[in-house]
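Scroll down for the structure; my scribbles are underneath it.
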Amino acid sequence: MLSFITLFGAALVAANPLVLPSPGSGTAPDPSTIQITSVSASGNGCPQGSVSTELSPDRQVVTFGFDKFQTYIGPGTSVADRTKNCQLHLNLKYPGGFQFAVVESTYHGYAQLEKGVTGTFYSTYYFSQSPADTTTTQTSISGGGLWEFGDVYTKQDLVPTASVIWSPCGATGILNVNNRIALTTTNTTAYGTISDDDATVALTQQIHVSWQACK
């Protein structure tokens, strides 16, 4: 059963303008001028043959479908089951003379964690042209309570202005989003799982962008 991760580009800027109090607040270009030219995914959470992609006609939305991005911990599982990652690679085209930055993203997923198990979801953003400039967010869920029986979670990333990463100046860039889910436990008999294979809620990622003029 597939679930989906959807990346919304500049189309969301018009509906949800995001203003950064940083230098370079030049007039922003038409949001429709940013386009996703191609996409790919890599990692043990999305091995070859386990991912489907669909790019919208306007090339502003890409949908990834996964059937292997699942983590497990507890009796009968292996150490390798505890951590999975899937890195998304988006080749982007945008107006020359401007840069854009990822400043907000939202994730939804499903977790079932017994007491003693903790699940952590990491997301690292960077452009291939500037691999040293990264920003990472994380959300942790402690098992027990409602999580023992399974429930939907939401991960809301609000990247601080100081941590914002800007695309390279020019007209193209490769945005990478490295998503990693890791499970740990203090109880060797406890069981836990976090996956994105829920057909109803699935995993949805929305990326909002903000513009500035190149110097």
Side-chain angles (χ1 to χ4, degrees), residues 2-18 20 22 24-69 85-108 122-137 157 159 163-180 196 202-215:
L2 290 179
S3 63
F4 299 93
I5 179 168
T6 305
L7 307 182
F8 294 85
L12 283 179
V13 176
N16 301 283
L18 298 172
L20 293 178
S22 56
S25 56
T27 303
D30 182 345
S32 66
T33 56
I34 182 174
Q35 292 187 335
I36 303 168
T37 59
S38 63
V39 298
S40 60
S42 61
N44 61 1
C46 47
Q48 187 175 4
S50 69
V51 180
S52 63
T53 61
E54 181 179 350
L55 191 58
S56 65
D58 61 6
R59 293 188 170 272
Q60 292 185 347
V61 179
V62 59
T63 302
F64 293 83
F66 303 94
D67 61 11
K68 297 292 185 181
F69 201 2
N85 86 288
C86 182
Q87 183 161 224
L88 310 177
H89 313 282
L90 285 74
N91 289 280
L92 306 174
K93 180 176 69 175
Y94 47 92
F98 284 91
Q99 296 173 284
F100 67 92
V102 177
V103 295
E104 180 181 358
S105 60
T106 304
Y107 303 80
H108 303 286
Y122 304 88
S123 298
T124 299
Y125 303 84
Y126 68 97
F127 287 90
S128 292
Q129 293 87 338
S130 302
D133 297 327
T134 68
T135 186
T136 299
T137 63
D157 286 352
V159 180
S163 300
V164 163
I165 55 169
W166 291 95
S167 67
C169 282
T172 61
I174 301 174
L175 172 63
N176 302 285
V177 184
N178 189 10
N179 293 315
R180 181 168 69 91
D196 70 342
L203 181 85
T204 301
Q205 173 177 314
Q206 297 176 318
I207 292 181
H208 300 241
V209 297
S210 183
W211 295 92
Q212 76 171 2
C214 287
K215 299 293 186 179

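Quick caveat, the model's predicted, so the values are computed rather than measured.
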Specify the closest pair of heavy atoms between [X] and [Y], including all atoms of both residues, with the distance to one decimal.
{"X": "Tyr126", "Y": "Thr134", "result": "CB-CG2, 3.5 Å"}
{"X": "Gln129", "Y": "Thr172", "result": "NE2-O, 3.8 Å"}
{"X": "His89", "Y": "Ser42", "result": "NE2-OG, 2.9 Å"}

One should read off an interatomic distance between Ser40 OG and Gln48 CD, to the nearest 0.5 angstrom, of 11.5 Å

Report yes if some heavy atom in the side chain of [X] is under 4.5 Å from a heavy atom in the side chain of [Y]; otherwise report no.
{"X": "Ile174", "Y": "Leu90", "result": "no"}
{"X": "Asn176", "Y": "Ser128", "result": "yes"}
{"X": "Cys86", "Y": "Phe69", "result": "yes"}

- request: Answer yes or no: is there a donor N or O on one side and an acceptor on the other, between the side chain of Thr37 and the main chain of Asn91, under 3.5 Å?
  value: yes

Look only at the side chain of Ser50 and the backbone of Pro47, and say whether a donor-acceptor pair between them is shorter than 3.5 Å.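 Yes: the side chain of Ser50 pairs with the backbone of Pro47.
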
Which of Asn179, Asn44, Thr124 passes side chain to side chain contact (heavy atoms under 4.5 Å, CB included) with Asn85? Answer is Asn44

